[in-house]
Amino acid sequence: MDIIGTILWPIKWAIELILVFFHWVFTSIGLDPAAGITWVLAIVGLVVVVRAALIPIFVRQIKSQRKMLEIAPELKKVQAKYKGKRDQFSREAMSRETMALYRKAGTNPMSSCLPLLLQMPIFFGLFSVLNDAQQGKSGVGLMTMQLTQQFSNASLFGIAPLHSSFQSAMNAIPAEVAVMVIAAVMVVLMTGSQFITQLQIVSKNMSEETKASPTFRQQRVLLYILPLVFAFSGFTFPIGVMFYWLASNFWTMGQQFLVIRNMPSPGSQAAKAREERLARSGKLVSKDVEIIEVEEKRVTTQRQQPVAKKKRSKKKGR
């Protein structure tokens, strides 16, 4: 076993455990154990388990983004300080001051990619499991030879085996056109959902100060680079792996939609939209104005006590 195989072994074991468990669940309710839908639902179950486990990381990502928002004015000042200076000394000084701000805030611009990076071992692990199934190899854990054959022969829509890719279908003799079409559609959906996921953050959940900072430029680059990477490499991915990534992207889109709608970054377009919704529903309370609620039915006026005659005469004597 090579180094990569050794690293992926525990990941593959965990993946097989989850796949076999959900396969058993769906088989127990009456689905065909060899049907493609059964294994597709098992992959969806894998997505749910993995993404649920990553929720604490996602929360940490949100906190990191809030910290990046807090230091955005300081980052803008550093950028303005070295604006137009392209010598090596100025670039190094700007880099040092920027990293010092990151350390002080306890954040990092790459923290937004952490959930994506943590999923990559799962991604390659599932790729390896499908590849072993295609070659007729039993799994490293609970994936027996019988389950391996079922997984290998399982097809999406009954015509596209989960282990097939656009490249393998194109190189087949004769070429498997139906598999190529389904794989191409999966690549487009996977790339598009990845782009929309990044666009949600960049367009709606960033304040004007953050958009003026160097961090925004880095995320703008990722906005276009990551989908392109998946677009070109997706043609070599098995359909089962692409289905996992597509389902994971849909999870991310829904998760971010809820967070951006209910807990947007202050000063962002999403925050303004939330304030407008609360204002229309009468639930918006301004922090700058003290609001005193008075119930008209319970309003009572204090009766002025009459002044005694002696007191009035004394006042007249004055």
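What you see is a predicted model, and the numbers here were worked out from it, not measured in a lab.
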Yes or no on side-chain contact (heavy atoms from CB on, under 4.5 Å) for F257 and M253, after CA distance, side-chain angles and deciding distance? CA-CA 6 Å; F257 173 80; M253 289 170 61; over 6 Å; no

Going through the checks in order, is the side-chain contact (heavy atoms from CB on, under 4.5 Å) test met by M186 and F166? CA-CA 10 Å; M186 292 289 291; F166 184 93; over 6 Å; no

Test side-chain contact (heavy atoms from CB on, under 4.5 Å) on L162 and F243 and set out the steps. CA-CA 9 Å; L162 296 180; F243 193 87; 5.8 Å; no

Before you tell me yes or no, could you show the steps for F21 and V49 under side-chain contact (heavy atoms from CB on, under 4.5 Å), namely the whole-Å CA-CA distance, both residues' side-chain angles and the distance that decides it to 0.1 Å? CA-CA 11 Å; F21 170 75; V49 171; over 6 Å; no

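Minimum heavy-atom separation, S193 to N249: OG-ND2, 2.9 Å. Residues S164 and V179 share a closest heavy-atom pair of CB-CG1, 3.9 Å. I239 and P161 get closest at one heavy-atom pair: CD1-O, 3.8 Å. Scanning all heavy atoms of the two residues, the minimum distance from L19 to L126 falls at CD1-CD1, 4.1 Å. Nearest heavy atoms, A160 versus I182: CB-CD1, 3.8 Å.
Atom CD of residue Q194 and atom CG of residue L189 lie 13.0 Å apart, to the nearest 0.5 angstrom. Rounding to the nearest 0.5 Å places CH2 of W13 at 10.0 Å from CD1 of I18. Put simply, OG1 on T27 and CG on L147 are 8.5 Å apart, with the number rounded to the nearest 0.5 Å. Within the model, atoms CD1 of I37 and CG of L31 stand 7.5 Å from one another, a figure rounded to the nearest 0.5 Å. Taking CZ of F250 as the start and CZ of R51 as the end, the distance is 13.0 Å to the nearest 0.5 Å. Within the model, atoms CE of M99 and CE of M94 stand 12.5 Å from one another, a figure rounded to the nearest 0.5 Å.
Legend: residues meeting side chain to side chain donor-acceptor pair (under 3.5 Å) with K81, ordered by chain and number and at least two apart, are E97.
Ring geometry for W39 against H23 counts as parallel: the plane angle stays under 30°, on a 0 to 90° scale with 60° as the upper cut.
Linking Ile, Leu, Val, Met, Phe, Trp and Tyr residues whenever their side-chain heavy atoms come within less than 4.5 Å places L156 and V185 in a single cluster.
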